[in-house]
There are 2 protein chains.
Amino acid sequence: MTSSARASHNQDGHTAPPSRPEAESVGHDVSSGDARAELAALLSGRRLTPVQRRLAQYVTEHHGQVAALGAGELAERTGVSQPSVTRFAQALGFEGYPGLRRWLRELRTDGPSTSQRHVAEGAPEVKRLQQAVADEVANLQYLEAQLMSEPTALSRAGTRLTGSPVLPIIGLRASAAIVEHVRFFAAKIHGGVRTVTHAGSMGADTLEQCASAGATAALVIALPRYPRETIELLRQARKRGLWVAAITDTVPGPVHRDADVALQAPVGDRLVFDSHAAAALMAGLLLDAMAEAGGTQAQRRLEAFERHASEQQAFWPH
Amino acid sequence: MTSSARASHNQDGHTAPPSRPEAESVGHDVSSGDARAELAALLSGRRLTPVQRRLAQYVTEHHGQVAALGAGELAERTGVSQPSVTRFAQALGFEGYPGLRRWLRELRTDGPSTSQRHVAEGAPEVKRLQQAVADEVANLQYLEAQLMSEPTALSRAGTRLTGSPVLPIIGLRASAAIVEHVRFFAAKIHGGVRTVTHAGSMGADTLEQCASAGATAALVIALPRYPRETIELLRQARKRGLWVAAITDTVPGPVHRDADVALQAPVGDRLVFDSHAAAALMAGLLLDAMAEAGGTQAQRRLEAFERHASEQQAFWPH
DNA sequence: GCATTCTTGCATGCTTCCATTCGCACCGTT
DNA sequence: AACGGTGCGAATGGAAGCATGCAAGAATGC
């Protein structure tokens with residue numbers, strides 16, 4: 001039974017084809033994008049448990065590497081048990097984990113070292129969108145560059161913002177969406193979040209109330225095209241002694257001069273409307289820094305929320 | 001208890017550095033472009049037998065895949081015996097074949113663009129953030145893959161949504177920020193935008209009113225962790241005959257089954273809170289498709305807004 | 001509210017894969 | 001021509017990896 005076989009093809013039937021209609025050998029090289037689509041097709045419409053979902057997500061995001069991983073290693077990286085990995089593969093229709101591994105290996109017959117080679121193909125319309133995506137990728141990488149050049153900016157902002165008993169978050173018009181995003185998450189680790197998303201005297205009043213209530217810091221979202229009121233609110237905050245962090249685009253402007261820390265998040269401008277992917281990520285990084293600065297207290301608050309949520313069975317399958 | 005206590009001379013727990021004198025401690029992590037050079041450096045100046053030379057050639061040409069291959073399979077593909085593969089790995093200075101495999105795996109830590117080189121340099125905290133950024137870059141590239149595999153999904157959604165006289169945009173909790181983003185911009189090219197960001201009867205009522213007012217399509221934002229109400233609203237919309245586009249994350253779930261078009265936007269989960277950069281970009285792409293579908297009418301509306309804005313000098317000059 | 005089903009991690013037996021030993025073939029040397 | 005050396009593949013023992021039974025906990029349905 002030992003391998004007297006140089007069997008060039010698997011006659012053992014291990015590579016059980018998934019429930020897809022045709023399982024022809026897709027030997028020709030597949031771009032990493034198609035691989036993900038293929039993978040998504042395999043997963044779609046399948047009933048998966050929460051742990052399996054986590055695995056599915058990891059596999060879709062790292063399908064190239066997973067092919068080189070053992071079941072135990074994959075389990076370790078995703079924080080699940082090794083049997084769960086086996087069951088995950090079986091749930092996808094494979095005989096076992098090795099079957100999934102082989103399938104992943106065949107998906108990427110050729111290593112996609114660089115992923116920007118298929119831009120030229122496709123319709124011009126698609127190409128325009130692809131360039132927009134490429135722009136946003138560059139914008140995200142600009143954030144990474146900031147992490148290197150100014151590694152303390154985020155943590156400083158996180159500490160200051162978390163330390164403020166009352167925390168006003170200011171952003172008008174298009175920036176209001178980011179404000180809403182930050183508000184939603186920041187409220188889980190900070191009890192005094194206030195938002196200012198409307199200009200005029202109402203916004204100024206809210207800010208004033210925050211300052212009177214003991215606020216020591218504020219966050220300003222100033223993405224283009226921000227109205228004068230944004231700057232006026234920023235200056236009002238400074239005048240009241242608030243330490244101000246700002247998320248703004250790269251163009252040097254009044255925000256850079258007036259804010260204590262300016263976090264740059266370039267906007268994508270290739271589409272009809274501005275795209276705020278980099279700002280969304282920067283907000284996420286800032287929230288992370290705030291949670292970090294909050295320490296155990298923030299942690300406890302967060303856990304309390306999780307408990308509350310699961311008690312209420314508020315979410316889908318989880 | 002795992003029997004790891006055994007100090008067999010195999011498992012060094014770390015990638016065994018080749019015995020080359022110049023071999024740096026740990027191959028610092030090399031972007032995949034340097035992988036071949038790194039590999040060549042490892043092979044150069046080493047005395048190899050003919051069979052090993054054949055193996056070396058195959059490994060250099062397919063280093064990406066070899067990391068996913070077992071010793072037996074590599075032997076089969078190169079037409080040599082399995083022990084020769086082991087000896088080859090040992091000749092290169094590794095403890096055995098698994099050592100070579102691990103080394104190859106590290107070579108291509110992860111392909112896409114991000115300069116992983118500096119990651120090892122900085123503090124672990126910075127590294128964590130950089131990986132989060134890298135994740136989001138991968139998520140954005142996943143959008144690009146979708147553009148290729150499903151080039152019509154966006155335009156179909158844009159046409160349907162723009163064509164609806166009244167356009168409800170649904171998204172609860174964390175997704176409400178994306179809803180706000182879309183609402184802000186969509187209002188510039190569409191006169192009937194409504195938003196549903198709160199669960200309960202109020203949301204259902206709003207949706208009902210939209211349907212009664214002639215809505216033919218709806219947009220649902222369903223990023224994790226979405227509550228049951230999101231699905232209920234989605235189904236209510238479908239029940240009323242609305243055509244539903246959804247922006248959701250990659251994991252297959254009820255949204256994929258119930259929506260007419262599911263636009264996948266993976267969320268970044270390396271930070272304390274989810275990051276929605278990909279969803280923000282997908283929203284931008286969708287808005288673009290809507291503007292495209294709106295044609296001259298949308299264009300006129302947009303221009304009218306621009307005129308209005310500049311007349312009022314509402315914005316800071318860029 | 002309780003029973004039932006489901007999910008997940010732990011422990012364990014089994015399978016696969018890998019390293020080693022041995023024998024044979026080839027080659028250069030005496 | 002004989003011999004020592006070397007390279008290679010076949011066979012085997014051992015180790016790592018993988019799959020399955022089992023129990024605890026959670027979710028769900030009645």
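Chain letters run A, B, ... following the sequence lines, proteins first and then strands; every chain starts at 1. Treat the numbers as computed from the prediction; the structure is a model and nothing was measured.
Contacts between residues 81-88 of chain B and DNA chain D, defined by a heavy-atom separation under 4.0 Å, are made by B:Ser81, B:Pro83, B:Ser84, B:Arg87.
For B:Ser81, the side-chain hydrogen bond (donor to acceptor under 3.5 Å, both in side chains) partners at least two apart in sequence or on another chain are B:Ser84. Annotation: side-chain contact (heavy atoms from CB on, under 4.5 Å) contacts of B:Thr86 (sequence neighbours excluded): B:Gln82, B:Gln90. A:Glu76 pairs by the salt bridge (Lys or Arg N to Asp or Glu O under 4.0 Å) definition with nothing, not counting sequence neighbours. Judged as a side-chain contact (heavy atoms from CB on, under 4.5 Å), and not counting sequence neighbours, the contacts of B:Thr230 are B:Leu172, B:Val220, B:Ala222, B:Tyr226, B:Pro227. Looking at residues two or more places apart in sequence or on another chain, you find a salt bridge (Lys or Arg N to Asp or Glu O under 4.0 Å) between B:Asp260 and B:Arg238. With sequence neighbours excluded, the residues that form a side-chain contact (heavy atoms from CB on, under 4.5 Å) with B:Ala177 are A:Glu180, A:His181.
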Sub-3.5 Å pairs of nitrogen or oxygen atoms, protein against nucleotides 4-7 of chain C:
unit_1, atom_1, unit_2, atom_2, d
C:dT7, OP1, A:Arg47, NH1, 3.3
C:dT7, OP1, A:Arg47, NH2, 3.4

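Summarising the geometry, the separation between CZ on B:Arg101 and C1' on C:dT16 is reported as 12 Å, rounded to the nearest angstrom. Protein atom CG of A:Leu100 is 10 Å distant from nucleotide atom P of D:dA19, rounded to whole Å. Atom C1' of nucleotide C:dT8 and atom CD of A:Gln52 are separated by 10 Å, given to the nearest angstrom. Between B:Phe94 atom CZ and C:dC18 atom P there is a gap of 15 Å when expressed in whole angstrom units. The separation between B:Leu55 atom CG and D:dC8 atom P is 9 Å, rounded to whole Å.
A donor-acceptor pair is defined here as one N or O able to donate and one able to accept, closer than 3.5 Å; no such pair exists between the side chain of A:Arg105 and the backbone of B:Leu69.
Evaluation of the salt bridge (Lys or Arg N to Asp or Glu O under 4.0 Å) test over residues 84-94 of chain A, restricted to residues two or more places apart or in two chains, returns none.
Of the listed nucleotides (C:dC18, D:dG9, D:dA19), D:dA19 has the atom at the smallest distance from the side chain of A:Gln90.
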